[in-house]
Visitor: 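Below is one structure. I have some questions about it.
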Number of protein chains: 2
Amino acid sequence: MTCPEELDPTLLLTPRACQVVDAARTVLERQGWETLTMRTLADELGIAAPSLYKHFSSKDALKTQLVALALKENGEALRPVTTVSRLVRRYRETATANPQLYRLSTSGPIDRAALPPGLEEWSGSPFFEATGDPHRGQALWASAHGMVILELDGRFPTGSAPESTWRELVRHFS
Amino acid sequence: MTCPEELDPTLLLTPRACQVVDAARTVLERQGWETLTMRTLADELGIAAPSLYKHFSSKDALKTQLVALALKENGEALRPVTTVSRLVRRYRETATANPQLYRLSTSGPIDRAALPPGLEEWSGSPFFEATGDPHRGQALWASAHGMVILELDGRFPTGSAPESTWRELVRHFS
DNA sequence: GTCTATACCAAGATAGAC
DNA sequence: GTCTATCTTGGTATAGAC
């Protein structure tokens, strides 16, 4: 299920800028955001670091594009909406397949003014559709996020969350 | 309810080192971990930055002490264990009262080898005691964490999570 | 346990030529 | 759109005197 055109962040970028975002994503998944520097990103592209500033005014502007990309892909991965069980499974799979992008886009404050208006809401609305209730949807989203982020950060004693814990969570919201 | 002596991280520190940790906590809550530098910490104490290295071998060692302190205080705040509802309320209150310390101690990987053995487990065990089941306890903990961290990061559209969403979560686990 | 002085490094970003 | 050269800042950490 694809993102509506008016929400798609990539449509505002030049083709070259899209390539830069792609490379940034590669580096991000390889080494994390703190060690993604303008220099390592430039190396990945085979260009010099200052050249990046022809495409993005700052590292922060680049981050915004990555966050927008994550919201778009996440919203797409969660559609079409069927059951709570399937929704949670897809949420987990998407996050696990792109751990650093997930962490980047869900941790810390978000610069809403810099995102396409409506994109963030569109990305999360499957939770409301699946539960049929705003508060249930919000609680389910928060719970799934908690599970995912603790799993990505290796916070469960066993390393990852046992399937039975995931089942328990789904059961409570079904 | 106080932490068992053999788990208490502060008992291994000199009095002066404890003061340094205290000051670090103050600076942490004021400005966050990324902008807590050895220089700003030294300023807070009224000493020069290099003097800190007489008490802690690195910034990372200091971080470990802060994480241990958070685990200790969290475990204390959650005891004695009564109901799921009360547990969740105290979890939320403690986190909200110490937002940066909470974020520091729950985000990213944790250096378990550097912590007093058993402290992390002791801190989290109220969730198992309150639910009476390992998987339910784990799911409840993850859900509460998701709610708290999204709230601290301003990720809910309204800024903070509505009380009704918290009620919804508690209801599912009661 | 504190100081001063300093080494060392890496980051983001700008200027201006090509 | 790319380059080279460079600026500026600010971090962790060490050496050695007091």
Side-chain angles (χ1 to χ4, degrees), chain A residues 10-68 100 103-105 107-111 113-114, chain B residues 10-68 100-101 103-104 107-111 113-114:
Chain A
T10 67
L11 294 183
L12 300 166
L13 300 179
T14 65
R16 186 58 174 146
C18 279
Q19 293 177 344
V20 173
V21 173
D22 261 10
R25 181 192 192 143
T26 301
V27 177
L28 175 67
E29 286 301 341
R30 191 166 60 221
Q31 50 189 243
W33 176 249
E34 311 89 51
T35 50
L36 186 172
T37 68
M38 297 305 262
R39 298 194 219 257
T40 57
L41 173 55
D43 284 350
E44 177 74 18
L45 285 156
I47 63 175
S51 307
L52 293 169
Y53 290 88
K54 296 291 180 184
H55 307 288
F56 295 97
S57 63
S58 68
K59 193 187 175 186
D60 229 54
L62 180 65
K63 178 178 174 173
T64 295
Q65 288 303 319
L66 286 167
V67 171
Q100 297 284 3
R103 188 182 282 109
L104 183 71
S105 65
S107 302
I110 192 169
D111 183 4
Chain B
T10 67
L11 294 184
L12 300 167
L13 300 179
T14 65
R16 185 57 174 146
C18 279
Q19 293 176 344
V20 173
V21 173
D22 262 11
R25 180 191 192 146
T26 301
V27 177
L28 175 68
E29 286 302 340
R30 192 166 60 221
Q31 49 189 238
W33 176 250
E34 310 90 51
T35 49
L36 186 173
T37 69
M38 298 306 260
R39 297 195 223 257
T40 57
L41 174 55
D43 284 351
E44 177 74 19
L45 285 156
I47 64 174
S51 307
L52 293 169
Y53 290 87
K54 295 291 181 185
H55 307 289
F56 295 96
S57 62
S58 69
K59 192 186 176 187
D60 230 54
L62 180 65
K63 178 177 175 175
T64 296
Q65 288 303 319
L66 285 168
V67 171
Q100 297 284 3
L101 188 63
R103 188 182 284 109
L104 182 71
S107 302
I110 192 169
D111 183 4

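Here is the naming used below: chain letters follow the sequence lines, and residue numbers restart at 1 for every chain.
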Visitor: To the nearest 0.5 Å, tell me how far B/Leu13 CG sits from B/Gln19 CD.
Guide: 11.5 Å

Visitor: For the atom pair OG (A/Ser105) and NZ (A/Lys63), what is the distance rounded to the nearest 0.5 Å?
Guide: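 Spacing of OG (A/Ser105) from NZ (A/Lys63) equals 10.0 Å.
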
Visitor: When rounded to the nearest 0.5 angstrom, what is the spacing between CG in A/Leu36 and OG1 in A/Thr26?
Guide: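 Answer rounded to 0.5 Å: 10.0 Å.
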
Visitor: What pairs with A/Thr14 under side chain to side chain contact (heavy atoms under 4.5 Å, CB included), at least two apart in sequence or on another chain?
Guide: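 With sequence neighbours excluded, A/Thr14 shows a side chain to side chain contact (heavy atoms under 4.5 Å, CB included) to A/Arg16, A/Ala17, given in chain and number order.
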
Visitor: Rounded to the nearest Å, what distance is computed from the CG atom of residue B/Leu62 to the C1' atom of nucleotide D/dT12?
Guide: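 Between C1' of D/dT12 and CG of B/Leu62: 13 Å.
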
Visitor: Touch check for B/Thr37, heavy atoms < 4.0 angstrom, all strands: base, sugar-phosphate only, or nothing?
Guide: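 Sugar-phosphate, no base atom in range.
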
Visitor: Starting from P on D/dT2, measure out to CG on A/Asp43 and report it in whole angstrom.
Guide: 14 Å

Visitor: What distance do B/Leu41 atom CG and B/Leu52 atom CG have between them, rounded to the nearest 0.5 Å?
Guide: 5.0 Å

Visitor: Whole Å only: how far is the CZ atom of A/Arg16 from the C1' atom of D/dT2?
Guide: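 The distance from CZ of A/Arg16 to C1' of D/dT2 comes to 10 Å, rounded to the nearest Å.
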
Visitor: A/Lys54 NZ to D/dT2 C1': how many Å, rounded?
Guide: 8 Å

Visitor: Could you pull out the protein-nucleic contacts involving nucleotides 13-15 of chain C (nitrogen or oxygen on both sides, under 3.5 Å)?
Guide:
{"from": "C/dA13", "atom 1": "OP2", "to": "A/Tyr53", "atom 2": "OH", "distance (Å)": "3.0"}
{"from": "C/dA13", "atom 1": "OP2", "to": "A/Lys59", "atom 2": "N", "distance (Å)": "3.0"}

Visitor: Take atom CG of B/Leu52 and atom P of D/dT12, then tell me their distance rounded to the nearest Å.
Guide: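 One finds 10 Å between P of D/dT12 and CG of B/Leu52, rounded.
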
Visitor: In terms of side-chain heavy atoms of A/Ala48, which of D/dT4, C/dC3, D/dT2 is nearest?
Guide: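 Looking only at heavy atoms from C-beta outward on A/Ala48, the closest nucleotide is D/dT4.
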
Visitor: Just the rounded figure in Å: distance from C1' of C/dC3 to NE2 of B/His55.
Guide: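 So the two atoms are 13 Å apart, to the nearest Å.
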
Visitor: Could you state the CG-P distance from B/Leu41 to D/dG11, rounded to the nearest angstrom?
Guide: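 Result: 12 Å.
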
Visitor: Find which nucleotide of DNA chain D each of A/Ala17 and B/Glu34 is nearest to by heavy atoms, and output the residue with the more 5' nucleotide.
Guide: A/Ala17

Visitor: Could you tell me how far apart B/Leu36 (CG) and D/dG10 (P) are, to the nearest whole angstrom?
Guide: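 Value for this atom pair: 16 Å.
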
Visitor: Between B/Glu29 and B/Leu101, is there a donor-acceptor pair closer than 3.5 Å when you use the side chain of the first and the backbone of the second?
Guide: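 Such a contact is found between B/Glu29 side chain and B/Leu101 backbone.
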
Visitor: Tell me the side chain to side chain donor-acceptor pair (under 3.5 Å) pairs involving residues 52-61 of chain B, sequence neighbours left out?
Guide: none

Visitor: Whether B/Ser51 contacts C/dC3 is assessed here as follows: a side-chain N or O lying under 4.0 Å from the phosphate OP1 or OP2. Is that the case?
Guide: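 Indeed, a polar side-chain atom of B/Ser51 lies that close.
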
